[in-house]
Amino acid sequence: MSLLTLENVGKSYGRLEAVSGLEFSVDKGTVHSLIGPNGAGKTTVFNLITGTIRASCGRIVFDGEDITRLEPHKIAQRGIARSFQQTFLFMDYSVLDNVLTGFHMRDRAGVIREFLHTRAAREADERAREQALEIVDFMGLSEQKDELAGNLPHGHQRALGVSIALACDPTLLLMDEPVTGMNPTESNEMVERIRRIRDRGVTVLLVEHSMRVVMDISDMITVISYGKKIAQGLPDEIKHDPQVIEAYIGEDTDAA
Amino acid sequence: MDLSLFPQILLNGLMIGGIYALIASGFTLILGVIQVFNFAQGQFYMLGAFIAIAVVTNLGLPYPVAIIVALLATAILGALLYFAVIQWTTRSGFFNTMLVTVAFGTIVAQTAMLSFGSREAVLPPVVPGTLSLGGVTIPNGKLVVIAGAVVVMAALHFFMKTRIGVSMLAASENRDVASLQGINPKRVFWITMAVGCGLCGVAGALVAPVLAASGTMGSTIFIKALLVVLVGGTGSMSGALLAAFVVGIAESFAFHFVGHLGLLVIFVLVAILIFFRPGGLLGKPLPVPGE
Amino acid sequence: MKTGTDITKKLVFAVAVAVVLALPWMTGPYTTQLFILTMTYGMLGLSFAFTIRVGLPRFDSAAWWGVGAYTTAILMTKADMSFWLTLPIAGIVSMAVGFLIYRIAIPRGMMVFLMFGMVIALAIQQLFGSVEFFGGWGGTEVIEAPAIGGLVFDGKRELYYLGLGFLGFNLICYYALMRSRIGRSWNAIGQSVKLASSVGINVVRYRMANVLISNFFLALTGSFYMAFSLVAVPATFGLDKSLNVIMYVIIGGIAYSLLGPLVGALILAFVPEYMRVAAEYESIITAVVIILVVIFLPEGVLGWVSGRARPWLLRRRPWVRSVGSKNKEPESG
């Protein structure tokens with residue numbers, strides 16, 4: 001059953017078409033990868049899905065609802081969370097506070113109670129803190145939970161980005177190059193976590209450069225080039241697809 | 001309504017519009033390319049006027065020379081502002097850099113107040129007399145201002161086609177420094193500051209024979225230039241150009257009919273316009289630093 | 001160790017409160033007047049520091065301050081209302097008018113908000129000056145000082161304590177707001193609009209709420225201003241005053257939303273006074289100081305002190321990223 005469907009989605013800047021006629025759907029409970037050479041428009045697709053930029057044409061349907069024209073925060077409230085390509089964090093917050101910010105939508109005591117700091121508000125805060133600790137623990141950051149996000153090493157910042165997204169309690173998690181810049185150990189840990197996230201029932205849509213990771217983890221792969229879909233299939237099919245190989249010629253990737 | 005005044009009011013509007021166009025495009029250029037909100041823009045306008053007056057009355061040089069001196073002096077000061085202060089603050093954020101231009105503007109304005117006093121100064125008309133067109137009398141001085149503004153805008157247009165102009169535009173569209181095509185970004189930045197501030201200086205020199213110059217003339221015109229930028233759509237040069245004349249003419253008529261309430265009428269009109277056309281007249285989206 | 005720190009902290013706090021309460025008895029009326037002004041400017045600074053938390057630098061604080069002053073003045077003179085009754089009305093007027101204007105500006109982001117603020121600063125001043133109802137450029141006067149029962153707030157000391165009351169109310173409300181989860185969401189917006197909306201925060205609505213609350217307190221400060229100045233003149237509420245307000249916050253330290261504006265206002269009120277700077281040079285010197293502070297002490301005086309003082313003395317809040325230039329994402333990848 002498909003959770004997210006893109007129907008003939010396009011985005012153009014003047015005469016430049018960043019994405020055109022894109023169609024694919026993501027099945028519930030899978031890890032779906034979106035790959036393509038540099039500048040293929042992968043991040044643009046993410047921005048379109050999350051509403052950061054508006055599609056010029058086409059429809060994006062999530063969980064049976066048209067979300068094409070919704071504002072980013074409404075899309076997040078529908079259950080789509082995102083971790084960014086660049087390390088995009090609340091740099092002056094501690095790790096735990098970063099994750100707590102992700103709890104914005106959950107378990108509110110009400111504005112007045114929060115202002116007056118009543119018992120209900122404090123208890124809600126306490127519950128949020130416990131859940132945030134769980135997430136921090138799951139992402140392997142419990143030792144760093146009080147450090148400022150800006151002071152973390154790169155790999156941990158990546159993990160924190162995912163933690164914030166997880167705190168939103170998403171049904172669909174978009175991950176933009178989660179293992180880029182990580183060493184092999186960190187990268188393997190991240191792959192393992194993505195699997196566990198999927199096993200918890202969260203559907204994952206992944207953009208990743210490392211072919212090794214993509215082939216290892218994906219249930220389904222969509223390949224785009226110059227804003228158009230050129231192939232879709234299981235990892236083994238994609239590996240041997242002549243069109244895909246052609247698109248990647250001259251590309252510097254660590255394809256294995 | 002007295003129809004015989006109509007051409008006069010229109011002419012006034014065109015003249016103010018031309019001045020707004022110069023200041024607003026200088027502002028937009030600096031905002032787009034260096035991403036600096038140059039609050040001191042209005043003060044460069046004031047400086048231009050006073051420099052022109054000083055060159056003509058104290059040195060006795062002809063007016064066209066005064067315009068060139070005003071242009072060069074303000075451009076050099078703009079570049080100096082970049083080298084002395086702005087290049088050190090851009091790293092600490094948009095808002096801090098803006099504050100520095102606020103402070104710089106205060107220094108310039110206060111120094112001017114102290115050296116010129118609060119009295120108003122004005123140049124004698126450059127081309128005295130009037131022109132009669134179909135029964136309408138037009139003072140030559142105002143025509144000179146309009147013509148001057150058009151010439152400067154044309155010069156700016158051609159400047160933007162040169163190599164350095166193209167890389168300025170490239171920088172405003174894509175912050176990626178690599179896209180500057182081998183031109184040192186610092187050079188692009190200081191030239192942008194010089195051009196943006198020089199435009200204001202020229203504007204000041206142009207109005208010197210027509211409007212009285214005073215130490216406070218910079219602040220008000222800057223706010224009005226902001227209005228123009230809002231109407232034209234933040235970050236759009238052609239939008240600013242169009243909006244400058246629209247606002248100038250509207251202001252001229254509003255002042256004629258409702259006097260001092262004119263400014264308020266303009267504010268309300270602009271608010272309504274922006275409410276219905278969020279992108280400004282030309283509807284171009286705006287690049288917002290840091291958001 | 002912890003209890004020791006706690007005790008010292010309480011002690012410092014108690015001494016500070018005692019000094020603040022005793023001040024008007026230790027100094028003359030002129031100095032007391034300076035303190036009253038400092039409190040007023042400090043409250044304006046608090047409102048600026050409050051909206052900067054959501055990444056919106058406001059250049060119209062003095063204008064809304066003026067809206068409060070004028071509402072109080074008009075209601076007291078034309079409707080013969082008591083000073084206390086005008087307070088909530090002033091706040092509500094400022095919020096209502098603000099809502100109408102910011103509905104246009106806030107959805108369009110920081111840059112438009114900022115420019116709109118400057119335009120509003122000029123427009124509201126024009127409104128007061130050129131509309132006869134508001135008393136023209138000469139301003140509007142009130143004759144009556146506020147009073148509760150037999151206590152009339154007409155002496156410097158009484159006004160000082162009235163000011164403390166206003167300031168205390170400001171501080172308590174701002175503190176409670178920033179500590180709550182709404183405060184966390186506001187801070188998140190200030191650090192990164194994009195990330196904040198990706199976790200489901202309605203940026204426009206949260207920013208609107210923040211700015212309107214700030215508007216409310218600005219108007220209250222305006223009403224208080226009427227209590228001691230007894231006259232509202234348009235020239236007081238111009239853009240230059242809004243710029244001064246920003247200077248207080250920057251000099252105090254922009255990351256210190258509560259103490260920063262107060263320290264900044266204190267410095268800018270008293271230092272020129274004791275340096276005996278000629279009035280014409282004062283603004284030039286202030287401007288030079290601002291440039292130096294931005295370059296060498298970007299975290300303000302408090303930031304500089306806290307590098308040397310015990311950390312618990314000062315509570316630094318996360319600095320606002322979205323008015324900075326970091327954290328940017330390229331369009332396509």
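Throughout, a chain's letter reflects where its sequence line sits, starting with A, and its residues are numbered from 1. Quick note: numbers below take in every heavy atom, side chains included, and nothing from hydrogens, waters or symmetry partners.
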Do C:Ser130 and B:Leu264 make a side-chain contact, defined as non-hydrogen atoms from C-beta onward lying under 4.5 Å apart?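 Result yes, sub-4.5 Å side-chain heavy-atom pair found.
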Is the shortest side-chain heavy-atom distance between C:Leu239 and B:Phe222 below 4.5 Å? no
Could you label the plane-to-plane angle of the B:Phe95 and C:Phe59 rings as parallel, tilted or perpendicular, counting under 30° as parallel and over 60° as perpendicular? perpendicular
Go through the atoms of [X] and report whether side chain, backbone, both or neither lie under 4.5 Å from a heavy atom of chain C.
X	result
B:Leu263	side chain
B:Val229	side chain
B:Phe267	side chain
B:Thr111	both

Give, for atom [atom1] of [X] and atom [atom2] of [Y], the distance between the pair rounded to the nearest 0.5 Å.
X	Y	atom1	atom2	answer
B:Asn96	C:Ile290	CG	CD1	10.0 Å
B:Ile274	C:Met115	CD1	CE	9.0 Å
C:Arg108	B:Leu230	CZ	CG	6.5 Å
C:Ile246	B:Leu99	CD1	CG	6.0 Å
C:Met111	B:Met98	CE	CE	8.5 Å
C:Met118	B:Phe39	CE	CZ	4.5 Å

When the 4.5 angstrom heavy-atom criterion is applied to C:Leu114 and chain B, the contacting part is side chain
